[in-house]
Peer 1: 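One structure coming up, written as structure tokens, with questions to follow.
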Amino acid sequence: MTAPADGLIRCSWPLETELYRDYHDYEWGKPLHGDDALFERLCLEAFQSGLSWLTILRKRPAFRAAFAGFSIERVAEFGDADVARLLADAGIVRNRLKIEAAIANARVARRLDIGLDELLWSFAPPPRPRPRTGADVPATTPESVAMAKELKRRGFRFVGPTTAYALMQATGMVDDHLADCWVGSAVSSTG
């Protein structure tokens, strides 16, 4: 835990830049709803795999422009010309497998019998005490393993248990802000 110039105690990971700190303070761990909003986060978490989250945050405006604001309906209609366009876009992560997965995932999301929001949030665990240290934050949980398994069963790609757990953290399904961090969450419980 550290307190930068503003005197607020935060988790230690977002202190590199103001962009990272703002993401930590105002987005990460806040409950997020909406099919397209969750689709964006699912895609960005997949693109982050093997990279720094800060890299993804810096590229997020370009990702949003390239992927039609992460509209499930619009991305589901992307074809070969769009894949070529995305592979040529230096503003995003140009990984063919991840690009094709985002498009395939939009197609799967569009066909769901329930909304993506409802599906993803069905795996949210009950609130638990916030972790005391970074060592107390898991990489996966039984819920993230179950989420990944169900998403894969339905045809989603690039959604392993670690990616699923990162999604759960980012969208407020779990609150992994450290116990002393000033940021609160609607799903947190201290103990």
Peer 1: Do the side chain of R64 and the main chain of G69 share a donor and acceptor less than 3.5 angstrom apart?
Peer 2: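 Checked: no pair found.
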Peer 1: Identify each donor-acceptor pair in which a side-chain atom of residues 43-54 lies under 3.5 Å from a protein atom, sequence neighbours left out, and give them as a table.
Peer 2:
residue: Q48; atom: NE2; partner: L51; partner atom: O; Å: 2.4
residue: S52; atom: OG; partner: L54; partner atom: N; Å: 3.0

Peer 1: Is a salt bridge present between D89 and R94, judged by a nitrogen-to-oxygen distance below 4.0 Å?
Peer 2: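 Salt bridge: no.
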Peer 1: Please round to the nearest 0.5 Å and tell me the distance separating atom OG1 of T17 and atom CG of L57.
Peer 2: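 Answer for the OG1-CG pair, T17 versus L57, is 7.5 Å.
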Peer 1: With hydrophobic residues grouped by side-chain heavy-atom distances under 4.5 Å, do L119 and M173 end up in a single group?
Peer 2: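 Looking at the clustering, M173 is in the same group as L119.
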Peer 1: Determine whether F156 and L42 make a side-chain contact, defined as any pair of heavy atoms from C-beta on separated by less than 4.5 Å.
Peer 2: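 Yes, their side chains come closer than 4.5 Å.
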Peer 1: Which atom pair, heavy atoms only, marks the closest approach of I114 to L112?
Peer 2: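 Closest heavy-atom pair between I114 and L112: O-CB, 2.9 Å.
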Peer 1: Report yes or no: does D36 contribute a side-chain atom to a donor-acceptor pair with the main-chain N or O of I72 at less than 3.5 Å?
Peer 2: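 Judged by distance alone, yes, a pair lies under 3.5 Å.
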Peer 1: Quick check for you: to the nearest 0.5 Å, what is the distance between R153 atom CZ and K149 atom NZ?
Peer 2: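 Reported value, rounded in 0.5 Å steps: 10.0 Å.
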Peer 1: Between D25 and Y20, is any side-chain donor less than 3.5 angstrom from a side-chain acceptor?
Peer 2: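 Not at all, the side chains of D25 and Y20 share no donor-acceptor pair under 3.5 Å.
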Peer 1: Can you tell me how far CG of L167 sits from CG of L120, rounded to the nearest 0.5 angstrom?
Peer 2: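 Rounded to the nearest 0.5 Å, the CG-CG separation comes to 6.0 Å.
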Peer 1: Any side-chain heavy-atom pair from P125 and M168 closer than 4.5 angstrom?
Peer 2: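 Of all side-chain heavy-atom pairs linking M168 with P125, at least one is under 4.5 Å.
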Peer 1: Within the structure provided, determine whether Q169 and D175 are in side-chain contact (heavy-atom separation under 4.5 Å).
Peer 2: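 Side chain of Q169 against side chain of D175, heavy atoms only: no contact under 4.5 Å found.
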Peer 1: Would V83 end up clustered with F78 when hydrophobic side chains under 4.5 Å apart are linked, directly or stepwise?
Peer 2: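 Yes, V83 and F78 fall within the same hydrophobic cluster.
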Peer 1: Is K30 paired with E27 through a side-chain N to carboxylate O contact shorter than 4.0 Å?
Peer 2: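 Looking at K30 together with E27, the answer is no, because their closest N to O distance does not fall below 4.0 Å.
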Peer 1: Can you tell me which residue pairs pass the side-chain hydrogen bond (donor to acceptor under 3.5 Å, both in side chains) test with a partner in residues 66-83, sequence neighbours excluded?
Peer 2: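 Every pair satisfying side-chain hydrogen bond (donor to acceptor under 3.5 Å, both in side chains) with a residue in residues 66-83: E77-R110, D82-R85.
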Peer 1: To the nearest 0.5 angstrom, please state how far the CD1 atom of I99 sits from the CG atom of L87.
Peer 2: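 Answer for the CD1-CG pair, I99 versus L87, is 4.0 Å.
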Peer 1: Measuring from K98:NZ to F158:CZ, what's the distance to the nearest 0.5 Å?
Peer 2: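 It comes to 6.0 Å.
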Peer 1: State yes or no: do I56 and I92 share one hydrophobic cluster built from I, L, V, M, F, W and Y residues joined by side-chain heavy-atom distances below 4.5 Å, directly or via other members?
Peer 2: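 As far as the 4.5 Å side-chain criterion goes, I92 and I56 are connected within one cluster.
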Peer 1: Would you confirm whether D117, through its side chain, and G34, through its main-chain N or O, come within 3.5 Å as a donor-acceptor pair?
Peer 2: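 Present.
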Peer 1: Taking the six-membered ring for Trp, is the centroid-to-centroid distance between F70 and F67 below 6.0 Å?
Peer 2: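 Yes - the distance between ring centres of F70 and F67 falls below the 6.0 Å cut-off.
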Peer 1: A side-chain contact here means heavy atoms from C-beta on lying under 4.5 Å apart; do N105 and L151 qualify?
Peer 2: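 With C-beta onward as the side chain, the pair stays apart.
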Peer 1: Specify the closest pair of heavy atoms between L15 and R21, including all atoms of both residues, with the distance to one decimal.
Peer 2: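 Residues L15 and R21, closest heavy atoms: O-NH1, 4.4 Å.
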Peer 1: If every non-hydrogen atom of A148 is compared with every non-hydrogen atom of G160, which pair is closest and at what distance?
Peer 2: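 Scanning both residues, the minimum pair turns out to be CB-C, 3.5 Å.
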Peer 1: Can you check whether R157 reaches K152 side chain to side chain, under 4.5 Å on heavy atoms?
Peer 2: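 R157 does not reach K152 side chain to side chain.
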Peer 1: With the side chain counted from C-beta on, respond yes when L178 and R130 share a heavy-atom pair under 4.5 Å apart, and no when they do not.
Peer 2: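 Sidechains of R130 and L178: no contact.
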Peer 1: Tell me the closest heavy-atom pair linking C11 and C181, and the distance in Å.
Peer 2: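 It is N-SG, 3.7 Å.
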Peer 1: Mind listing the closest non-hydrogen atom pair of P161 and V145 along with its distance?
Peer 2: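 The answer is CB-CG2, 3.8 Å.
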Peer 1: Determine whether R128 and D176 make a side-chain contact, defined as any pair of heavy atoms from C-beta on separated by less than 4.5 Å.
Peer 2: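 Side chain of R128 against side chain of D176, heavy atoms only: contact under 4.5 Å found.
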Peer 1: Say whether F63 and I103 are linked into one hydrophobic cluster, either directly or through other cluster members, by side-chain heavy-atom distances under 4.5 angstrom.
Peer 2: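 Linked, F63 and I103 end up in one cluster.
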Peer 1: So which atom in Y165 and which in V174 form the shortest heavy-atom distance, rounded to 0.1 Å?
Peer 2: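 Taking Y165 first and V174 second, the nearest heavy atoms are OH-CG2, 3.7 Å.
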Peer 1: Between H177 and W182 (judged by ring centroids, cut-off 6.0 Å), do the two rings come close enough to count as a pair?
Peer 2: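 Ring-ring flag for H177/W182: false, centres at least 6.0 Å apart.
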Peer 1: Sub-3.5 Å donor-acceptor pair from the side chain of S144 to the main-chain atoms of T140, do we have one?
Peer 2: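 No; zero donor-acceptor contacts below 3.5 Å.
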Peer 1: With heavy-atom distances below 4.5 Å as the criterion, would you say the side chains of L8 and V183 are in contact?
Peer 2: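 They are not in contact (no side-chain heavy atoms under 4.5 Å apart), so the answer is no.
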Peer 1: Honestly curious: do L97 and V75 fall in one hydrophobic cluster under the side-chain, below-4.5 Å linking rule?
Peer 2: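 L97 and V75: separate clusters.
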Peer 1: Measuring from E40:CD to L32:CG, what's the distance to the nearest 0.5 Å?
Peer 2: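 So the CD of E40 and the CG of L32 are separated by 8.5 Å.
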